[in-house]
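So that the names make sense, note that chain A is the first sequence line, chain B the second, and so on, each numbered from 1.
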Amino acid sequence: MKGPIALVDCNNFYCACERVFEPRLHGAPVAVLSNNDGCVIARSQEVKALGIAMGTPIHHLPRAAFRAGLVLRSSNYELYGDLSARVLSTLRAHAPLVEPYSIDESWLGFAGFDPAGLTDHCRALRHTVHRWTGLPVSIGIAPSRTLAKLANRYAKQYPVTGGVHQLGGLEDPATRALLERTPVGEVWGIAGRIAIRLQQMGVRSALELARADPRWIRSRFSVVIERTARELAGTPCTEMLDECESNRMIMTSRSFGQMIGDYREIQEALRAHASRGAERLRAQGSLTSAVMVMLQTNKHARHLPQHRDTVTIALPRPTDSSFEIVHAAQQGLARLWRRGYRYQKCGTRLLDLIERDHRQLGIFEPPQSDAGRQRSDALMATLDRLNRSHGRGTVTVGMQRREAAWQLRSDYRSNRWTTRWEEMPEVRLR
DNA sequence: TCTGGGGTCCTAGGACCC
DNA sequence: TCTGGGGTCCTAGGACCC
């Protein structure tokens with residue numbers, strides 16, 4: 001099933017989300033901070049114009065930026081996630097095949113469509129997304145994902161495109177011209193080291209990579225880069241997926257609000273991460289067979305003793321029970337933690353995921369344990385329901401305080417306008 | 001003083017087996 | 001002087017992405 005592919009990408013997504021419910025932020029420089037309010041992870045156009053780089057630590061932000069009216073926001077993933085879902089449902093109403101890619105990007109499959117009419121169709125779609133969600137998007141259309149990515153960037157960069165740009169294959173002169181003036185390091189999938197090696201071998205532009213011999217690329221690099229080269233030449237190398245693929249691993253980790261040495265305190269944080277991981281596991285209908293626990297000190301604090309390590313606990317049988325997963329995580333922590341270190345971050349990874357429906361009974365498992373499992377399933381379903389309807393953290397496994405040293409700092413968080421009753425926007429009539 | 005979190009895929013190389 | 005050869009499986013780590 002081949003056909004044109006479109007990439008829909010929300011412009012400056014996190015900043016745009018902040019503006020949806022606070023219109024006064026339109027035109028103002030808005031920067032969204034990482035977890036713990038550490039550094040800048042998203043910038044509005046105005047912030048980019050101020051010369052503030054991605055990843056700038058909050059304490060390095062220049063005074064001049066604040067004088068220019070810089071508005072800071074803590075990450076508000078509950079809001080971003082909800083708005084992302086709205087964009088997705090809008091897309092699903094207007095495209096035959098939608099494959100979510102990240103919180104702010106989706107691929108659209110247009111197999112069987114006449115490429116000639118697609119630009120207009122996508123302009124209309126872009127307009128609808130904006131009307132229904134308040135979020136501006138750009139759309140790139142091309143025969144392959146790598147080219148669609150390039151088209152998308154062009155659409156974003158040049159307002160004259162009306163936010164939509166379409167590329168063809170190498171036989172199209174306009175496509176060739178764009179590839180020729182695109183440095184190879186700006187191609188999707190080619191970054192830092194590989195870009196340097198390609199340049200040393202004389203491959204400097206996207207066009208040169210598109211025209212390189214795929215077998216040569218494969219022998220010098222890998223199949224990944226070979227695929228990128230083929231895609232640039234207009235041959236799609238991945239299928240569009242009809243349904244959401246499940247994650248193969250679920251990682252949950254956070255830095256602490258401050259460095260922590262106390263075992264009990266870290267244990268509490270880890271319980272929160274393990275529970276959250278288990279919740280996501282159940283949401284995608286999987287079971288895990290192994291829990292990896294990670295614990296690390298602050299690598300930037302060079303004057304302090306360093307310790308970072310991971311340990312993997314194999315579970316007796318695949319499970320999605322918060323209790324079993326938390327228990328395994330705590331076993332892992334007991335092996336990792338050392339007295340006298342001040343830790344900065346801990347987390348869990350749920351590994352070896354399988355689909356819940358494919359669960360097999362263990363050889364040594366007594367058949368009557370089915371009843372116990374059903375009880376556990378019902379309990380987990382109730383726990384998830386309560387946390388969904390009353391907000392995360394309403395029911396927890398073991399103590400997980402809302403105010404604790406391990407909790408994230410988020411001093412500049414906006415309201416969770418669409419997911420919390422008590423934070424809903426108010427309209428006052430007078 | 002501060003410097004995020006969550007993913008995927010691929011490859012190299014060791015362990016192990018016949 | 002050298003001292004099999006091939007295969008599979010698993011894990012760690014690199015590279016990249018958002």
Quick check on DNA chain B: between R254(A) and P57(A), whose nearest nucleotide comes earlier from the 5' end?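 This one resolves to P57(A).
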On DNA chain B, nearest-nucleotide positions of C39(A) versus M251(A): which is more 5'?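 Nearest nucleotide further toward 5': that of C39(A).
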In whole angstrom, what separates [X]'s [atom1] from [N]'s [atom2]?
X	N	atom1	atom2	result
N35(A)	dC2(B)	CG	P	16 Å
L33(A)	dT3(B)	CG	P	11 Å
W406(A)	dG4(B)	CH2	C1'	17 Å
M292(A)	dG13(C)	CE	P	10 Å
Y101(A)	dT8(B)	OH	P	11 Å
F221(A)	dC10(B)	CZ	C1'	15 Å
R197(A)	dG14(C)	CZ	P	15 Å
L88(A)	dC18(C)	CG	P	18 Å

Counting the atoms with a prime plus P, OP1 and OP2 as sugar-phosphate, which does [X] contact under 4.0 Å by heavy atoms, base, sugar-phosphate, or nothing?
X	value
N247(A)	sugar-phosphate
R227(A)	sugar-phosphate
T252(A)	sugar-phosphate
I194(A)	sugar-phosphate
I250(A)	sugar-phosphate
D104(A)	sugar-phosphate
K299(A)	nothing
G189(A)	sugar-phosphate

Just to confirm, is there a sub-4.0 Å distance from OP1 or OP2 of [N] to any side-chain nitrogen or oxygen of [X]?
X	N	result
K149(A)	dC17(C)	no
S253(A)	dG6(B)	yes
S34(A)	dT3(B)	no
R248(A)	dC9(B)	yes

Check for me whether R145(A) meets the cation-pi criterion with W107(A), that is, NZ or CZ under 6.0 Å from the six-membered ring centre and within 45 degrees of the ring axis.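 Yes, R145(A) sits over the ring of W107(A).
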Quick check for you: to the nearest 0.5 Å, what is the distance between K149(A) atom NZ and N152(A) atom CG?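 Spacing of NZ (K149(A)) from CG (N152(A)) equals 7.0 Å.
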Complement of dC18(B), any strand, by Watson-Crick or G-U distances under 3.5 angstrom: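 Paired with dG5(C).
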Would you say the side-chain atoms of E105(A) and S102(A) include a donor-acceptor pair closer than 3.5 Å?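 Distance-only check passes for E105(A) and S102(A).
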Does the distance from a Lys or Arg side-chain N to an Asp or Glu carboxylate O, for E265(A) and R401(A), drop under 4.0 Å?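 Between R401(A) and E265(A) there is a salt bridge, with a charged N closer than 4.0 Å to a carboxylate O.
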From C-beta outward on R193(A), which listed nucleotide comes closest to its side chain: dC18(C), dA15(C), dG5(B)?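 From the listed options, dA15(C) comes nearest.
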Closest to the H59(A) side chain: dC10(B), dG4(B), dT1(B)?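 Selected nucleotide: dT1(B).
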Testing the basics here: between S44(A) and P29(A), what is the closest heavy-atom pair and its distance to 0.1 Å?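 Shortest heavy-atom contact: OG-CA, 3.6 Å.
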Mind listing the closest non-hydrogen atom pair of A404(A) and E268(A) along with its distance?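 The pair with the smallest heavy-atom distance is CB-OE2, 4.3 Å.
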